[in-house]
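This report concerns only the one structure given below.
Each ligand, and each atom within it, is numbered from 1 in the order the structure gives.
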Amino acid sequence: MKILSVTSEVFPLVKTGGLADVTGSLPKALAPLGIETTSLIPGYPAVMRQLTSAMPLVTFDSLLGERASLLHTRVEDLSLFVLDAPALYDRPGGPYVDETGADHPDNWKRFAALSLAAAEIADGVLPGWVPDLVHTHDWQSALTSVYMRERGCMTPVVLTIHNLAFQGQYSAKLLGNLGLPPETYSMNRMEYFGDISFLKGGLQTADAITTVSPTYAREILTPRFGMGMDGVLNARVSVLRGIVNGIDLDVWDPSSDPHLPRSYDVNSLRRKRENRAVLLKEFGLDPSHPGPVFSAVSRLTWQKGLDMFAETADEVIRHGGKVIVFGKGDHEIEQALLNTASRFPGRMAVHIGYDEPTAHLIHGGSDAIVQPSRFEPCGLTQLYALRYGCVPVVSRTGGLSETIIDANDAAMSARVATGFQFHPVTTDGLRLALRRALHAYADPKMWARLQNQGMKAKFSWERSAQQYAAVYANLVRKSGPISAAAPADLRRATI
Ligand code: ADP
Ligand code: GLC
């Protein structure tokens with residue numbers, strides 16, 4: 001089976017968060033099941049720089065008004081189509097924001113073009129390569145199925161929601177610029193509270209909708225977590241399901257991680273101490289102090305709740321521990337964390353930044369990873385924490401609630417506990433969970449058991465890849481031969 005995956009980021013080429021980890025590792029897990037994935041990604045500078053050899057396949061003279069070409073390349077185990085469109089992607093900054101952190105003003109066009117190129121591929125623009133199914137991810141590629149259905153291309157589409165907070169909401173005035181007919185401004189397509197939403201268009205036109213944990217799949221049906229989209233999701237609940245993310249066991253492996261000064265496994269956990277010493281040095285913390293290191297590696301946004309850690313980090317320090325926060329995001333949250341750190345020199349460090357090797361070192365050298373998310377579709381950091389023998393302290397929400405087993409008495413005696421959960425998700429809740437974790441740390445036997453149980457927990461992609469494969473197979477079986485419908489007017493107008 002041939003899959004076209006359409007994504008705005010993919011590890012190891014371009015990453016701002018867990019989406020890249022998932023789109024980079026799922027294809028590898030699907031391959032042994034006979035599923036060949038090729039991922040379509042934008043040709044950002046970071047991507048173009050890493051292409052050593054790329055084969056041009058087709059050129060669009062005017063993809064939403066811009067010249068663009070599709071290239072094919074392979075990077076490690078990944079097969080990639082790269083949409084090379086300098087007017088859209090060749091600029092400083094990241095995939096979504098400029099150097100000052102402001103959204104690129106033409107994001108609507110940048111990601112609509114990505115989706116339109118995907119629809120072209122699904123519709124047969126590449127001689128000899130037509131996918132059996134298209135897999136889109138989040139709002140950035142959600143328009144793919146809208147474009148496909150507009151032109152009568154009925155190839156099945158799976159849309160995965162990684163984060164409902166981002167919906168691609170724009171003025172309805174843009175419809176014409178998107179090459180879409182006025183009828184798409186309707187309840188059962190893209191109309192969204194007087195605007196249009198790329199994500200809603202995808203939710204209405206995909207054949208199956210998945211999200212990245214069963215708990216989040218239930219949560220998003222409620223007004224509290226539905227972010228305005230719960231009505232649409234309830235209407236489509238029969239095609240919605242949750243499949244929990246796996247992790248890439250090769251990229252995140254403490255026994256072979258090139259970013260760790262000292263490698264270790266479940267039988268040599270003592271070696272973590274050497275990584276801890278390097279970590280403390282790197283973050284300018286007092287190495288003579290014996291207490292545990294509680295760390296967070298995260299985007300610093302409201303979702304992640306680290307403002308609550310700014311208010312509770314003193315709890316760790318009062319119990320003799322140290323705190324490290326590494327991340328980037330909202331200025332106010334960064335500032336709140338920096339202010340707390342300034343009260344505890346040598347004991348708490350906050351570094352604002354984004355850097356893969358440092359993220360690995362923090363997992364390799366910390367004792368606990370703190371993740372007090374207000375909502376969390378799946379979360380990968382807590383899974384990396386488990387694999388690296390860190391004990392996660394997490395809020396009970398979304399994927400966190402089903403991947404971490406709270407160290408209550410029952411779970412401890414059943415020898416299945418892996419971390420600490422708290423609910424409700426408040427500062428007091430977090431403070432209490434930190435206190436419980438610190439008490440557990442004071443009992444070396446209990447801590448070692450938690451580490452052991454966490455390191456043995458299974459979060460490979462195997463089971464989840466099988467679930468995706470079943471979703472794909474079911475849709476491909478149901479769909480007739482791939483439509484060779486005559487190109488719609490849209491196509492003449494834009495390509
Ligand atoms: P989200 O995708 O919502 O940010 P996840 O937990 O799913 O949350 O994935 C986060 C990914 O981003 C992980 O791979 C994590 O290591 C990485 N990450 C987060 N912050 C940083 C950072 N400051 N530097 C490097 N990697 C980071
Ligand atoms: C999103 C979510 C996160 C999830 C990731 C990958 O960024 O916030 O919870 O793990 O996507 O699916």
One thing to verify: whether K281 and D286 come together as a salt bridge, which I'm taking to mean a side-chain N less than 4.0 angstrom from a carboxylate O.
no

For V22, which part has a heavy atom under 4.0 Å from ligand 2: side chain, backbone, both, or neither?
side chain

With heavy atoms under 4.0 Å as the rule, classify the contact between D21 and ligand 2 as side chain, backbone, both or neither.
neither

[X] near ligand 1 by a heavy-atom separation under 4.0 Å:
X    : value
H363 : no
S298 : yes
Y384 : yes

Examine L380 against ligand 1 and note whether any of their N/O atoms are separated by less than 3.5 Å.
yes

Are any of the N or O atoms of V297 closer than 3.5 Å to those of ligand 1?
no

Pick one of side chain, backbone, both or neither for how [X] approaches ligand 1, counting any non-hydrogen atom pair under 4.0 Å.
X    : result
Q382 : neither
T381 : both
K15  : side chain

Heavy-atom proximity to atom 7 (O) of ligand 2, best of K304, E376, R299:
R299

So is G399 in contact with ligand 2, going by heavy-atom distances below 4.0 Å?
no

Judged by modelled atom types alone, do Y192 and Q169 share a side-chain donor-acceptor pair under 3.5 Å?
no

Measure the acute angle between the ring planes of W461 and Y468, then classify it against the limits of 30° and 60° as parallel, tilted or perpendicular.
tilted

Please state which protein non-hydrogen atom is closest to atom 10 (C) of ligand 1 and give its distance, to 0.1 Å?
G18 N, 3.6 Å

Any nitrogen or oxygen of G18, main chain or side chain, under 3.5 Å from a nitrogen or oxygen of ligand 2?
no

